[in-house]
Amino acid sequence: MDAAGFNFYSVYRSNFLDMKLKGLGNRAYNVLFHTHTVAGIVISFALFVIFYGGAFSLFRHEIGPWENHEMRQPNHQEMTIDQALKIVDEEYDLNWSEQTNVALPTEERPVFSVYGAINDTDSTTERMAAYVNPSDGRVQDLKKPQTTVSTTIYHLHYFRQIPVVGLYLSGLVGLFFLFAVITGVLIHWRNLLTKFFAFIKEGKWKLIWTNAHTVLGIIGLPFQVIYAVTGAFFGLLTLILLPTVFLLYEGDSEKVFNKIRPDAAMELSEDSQPMDHITLDQAYHKLKSEYPDHQITNVQIRNFGKEDAVAVWIVDEAGIKSSGRLATYLKDGEVLEAYSILPEVRNYSYSVLDFITKLHFASFGGVLIKVLYFVLSLITCFMIISGVLLWRSARDNSRYTYKQKLFHHRVTKTYLAICLSMFPAFALIFIANKLVPFELPDRVFWVNTIFFLGWLLLAITGLFWNKYSQQNRNYLIIGGFLSLLV
């Protein structure tokens, strides 16, 4: 580049960095700034748990075979869907009038997963869940699993361990996070371009944390909006649908469900007569020959063994818009078009729900999308930590009394201890999964006890480290060492 070109570039860059977008008025800015700060600090540690746990939950299907050696056994036997169901029926005495779901084996999870209902001794219906290993026909009760790593982390990211209200709390956190994201963009809009290019900056810690918080927030903005909206949607779905159910569907929630999934509206009689029909395997291969371009992953069966037996086959491929449902009567295997939803012709309700689901769980685009989501989740975690430190450094001035500063310090130290201790605690649950004997009764209880008790002890230990840099360094060292042991 010659001198003239260099001068032009320098002037252009200087003008670009000095450019300020038109922002809010002073009153609106102050109101939004304080509401953004309050909303952010209230949900910060809960939000960190959601994103950090969610980052690892993206790979829960890949973690499954690692934590359970039985999942890694090669399939030496060609087991059909009918054979797998027969084995489960002999074990549980399935109630075929109720819906039975079967997840077909995949490369990541080479077993049949069966979810159905059983007839209890007092004539009540109880749900069951189990998997069948095609290699040896062994049945494992999923309500009493032998491993727990992927399940525990997945449940943690939406607070399932908190009875009754856990899911709703995660939805509320998502809702507040959406508010914090929107207000954050509005209050930083005026100096957005300047701050974006000031990620590395010498000066006071308040300025460093401000720039880091702003830049990382803008980098992950689309991702954060997606997760705030979808997380709030899944956490508060019941509450969201209540007005619609009462106002438009006369309080009948089944009508709403039928609108999304037409196959759920199929009326089957409990008094249907027993009847021999084609096997599920024959129906599966018939569909595969008629729709060779679609990947069938699950089947839902109702009234199995009766004259009106129906199977709904779930088509779920890697693309973000490539899922659907194919309903067939088992007496002849013919597709019932009125109750089917092909990926290329889907109704609006089903499309929206499916789109939200795939966006939230990164179940499209393969491993690359999961890795991208994982990195963006960790960036969001760092943004949350920088926000807490920014909140603390902004209050380190003469406007606050010694007691107030001490309170701010203790809150910050507690939040950092809870959040940063998750790194070594997660390594601990992986180690516990390997150390606790596989044959030990109540194995899942002991692994989870090691994890949650270890997390608690690590967090309490962090409260004795008075400097934030000391907390950060020690948790990284402990977590790094435990990760190497994994």
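Values reported hereafter were calculated over all heavy atoms of this structure, with side chains retained and with hydrogens, waters and symmetry mates removed. For the single chain, residues carry numbers from 1 onward in sequence order.
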> I need the minimum non-hydrogen distance between Leu280 and Trp313, along with the two atoms involved.
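Smallest heavy-atom distance, with atoms named: O-CH2, 3.4 Å.
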> When you compare the side chain of Phe364 with that of Leu359, does any pair of heavy atoms fall below 4.5 Å?
yes
> Measure the shortest side-chain to side-chain distance between Val114 and Thr100 over non-hydrogen atoms and say whether it is less than 4.5 angstrom.
yes
> Got a sec: does the NZ of Lys86 have more than 12 other heavy atoms crowding it under 6.0 Å?
no
> Can Lys370 and Glu62 be said to form a salt bridge (charged side-chain N to carboxylate O under 4.0 Å, His left out), step by step?
CA-CA 11 Å; Lys370 289 185 178 182; Glu62 288 78 9; 3.3 Å; yes
> What pairs meet the salt bridge (Lys or Arg N to Asp or Glu O under 4.0 Å) rule with one or both residues in residues 142-170, with sequence neighbours excluded?
none
> If you look at every heavy atom in Ala425 and Phe451, which pair is closest and at what distance?
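For Ala425 versus Phe451, the nearest heavy atoms are O-CD1, 3.3 Å.
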> Measuring only between side-chain heavy atoms, which start at C-beta, is Thr357 closer than 4.5 Å to Phe234?
yes
> When you measure from the side chain of Asn433 to the backbone of Thr147, do you find a donor-acceptor pair of N or O atoms at a distance under 3.5 Å?
no
> With a 6.0 Å cut-off on the ring centroids, do Tyr52 and Phe423 count as close?
no
> Is the side chain of Arg443 donor-acceptor paired with the backbone N or O of Pro437 at a distance under 3.5 Å, no angle test?
yes
> Please report the closest heavy-atom contact between Tyr475 and Leu458, naming both atoms and the distance.
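The answer is OH-O, 2.5 Å.
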> How about Ile314 and Ile296: do any of their side-chain heavy atoms sit closer than 4.5 Å?
no
> Does CZ belonging to Phe438 count more than 12 external heavy atoms closer than 6.0 Å?
yes
> To the nearest 0.5 Å, what is the distance between CD1 (Ile379) and CZ (Phe223)?
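So the CD1 of Ile379 and the CZ of Phe223 are separated by 9.0 Å.
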> Could you give the distance from CG (Leu94) to CZ (Phe304), rounded to the nearest 0.5 Å?
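Separation between the atoms: 10.0 Å.
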> Pick one: which of Arg60, His155, Glu67 meets side chain to side chain donor-acceptor pair (under 3.5 Å) with Ser150?
Glu67
> Which atom pair, heavy atoms only, marks the closest approach of Leu376 to Gly220?
CD2-CA, 4.4 Å
> Let's go through Thr414 and Phe45 carefully: what are the C-alpha distance in whole Å and the side-chain angles of both, what is the deciding distance for side chain to side chain contact (heavy atoms under 4.5 Å, CB included) to 0.1 Å, and is it a yes or a no?
CA-CA 9 Å; Thr414 302; Phe45 73 92; over 6 Å; no
> Taking the side chain as everything from C-beta on, heavy atoms only, tell me whether Leu85 gets closer than 4.5 Å to Val102.
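Yes. Closest side-chain heavy atoms under 4.5 Å.
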> Evaluate the side chain to side chain contact (heavy atoms under 4.5 Å, CB included) criterion for residues Thr380 and Phe48: first the C-alpha distance (whole Å), next the side-chain angles of each, then the deciding distance (0.1 Å), finally the verdict.
CA-CA 8 Å; Thr380 304; Phe48 188 96; over 6 Å; no
> If the condition is salt bridge (charged side-chain N to carboxylate O under 4.0 Å, His left out), which residues does Lys288 pass it with, not counting sequence neighbours?
none
> Which distance, rounded to the nearest 0.5 Å, do you find between the OG1 of Thr148 and the CG of Asn448?
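Interatomic distance, Thr148 OG1 to Asn448 CG, rounded to 0.5 Å: 4.0 Å.
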> Once you round to the nearest 0.5 Å, how far does CD of Gln282 lie from CG of Asp82?
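CG of Asp82 is found 8.0 Å from CD of Gln282.
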> Can you tell me how far the CG atom of Leu330 sits from the OG1 atom of Thr279, to the nearest 0.5 Å?
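One finds 9.0 Å between CG of Leu330 and OG1 of Thr279.
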> Walk me through it: do Phe59 and Val371 pass the test side chain to side chain contact (heavy atoms under 4.5 Å, CB included)?
CA-CA 9 Å; Phe59 298 97; Val371 171; 4.2 Å; yes
> Return the OG to CZ distance between Ser170 and Phe177, rounded to the nearest 0.5 Å.
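Nearest 0.5 Å value for the OG-CZ distance: 13.5 Å.
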> Within a 6.0 Å radius of atom CH2 on Trp66, are there more than 12 heavy atoms belonging to other residues, nucleotides or ligands?
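Enclosed.
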> Quick one: do Lys286 and Glu334 make a salt bridge, cutoff under 4.0 Å?
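Result for this pair is yes, salt bridge flagged.
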> Tell me whether the rings of Tyr227 and Phe51 are parallel (<30°), tilted (30 to 60°) or perpendicular (>60°).
tilted
> Evaluate the side-chain proximity of Gln161 to Thr152: yes if any heavy-atom separation is below 4.5 Å, no if none is.
yes
> For the ring pair Trp455 and Phe426, is the centre-to-centre distance below 6.0 Å?
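No; Phe426 has its ring centre 6.0 Å or more from that of Trp455.
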> Name the orientation class of the two ring planes belonging to Phe56 and Phe374 (parallel below 30°, tilted from 30 to 60°, perpendicular beyond 60°).
perpendicular
> Which atom names give the shortest non-hydrogen contact between His360 and Tyr373, and what distance separates them?
O-CE2, 4.4 Å
> Step by step, would you call Val486 with Leu482 a side chain to side chain contact (heavy atoms under 4.5 Å, CB included)?
CA-CA 6 Å; Val486 176; Leu482 293 177; 5.8 Å; no
> Do Leu287 and Leu326 come close enough that some side-chain heavy atom pair is under 4.5 Å?
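Sidechains of Leu326 and Leu287: in contact.
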> Provide the closest heavy-atom pair for Ile384 versus Ser44 in the form atom of the first, atom of the second, distance.
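Where Ile384 meets Ser44 most closely, the heavy atoms are CG2-O, 3.4 Å.
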> Do Gln300 and Arg325 have side chains that approach each other closer than 4.5 Å (heavy atoms only, starting at C-beta)?
yes
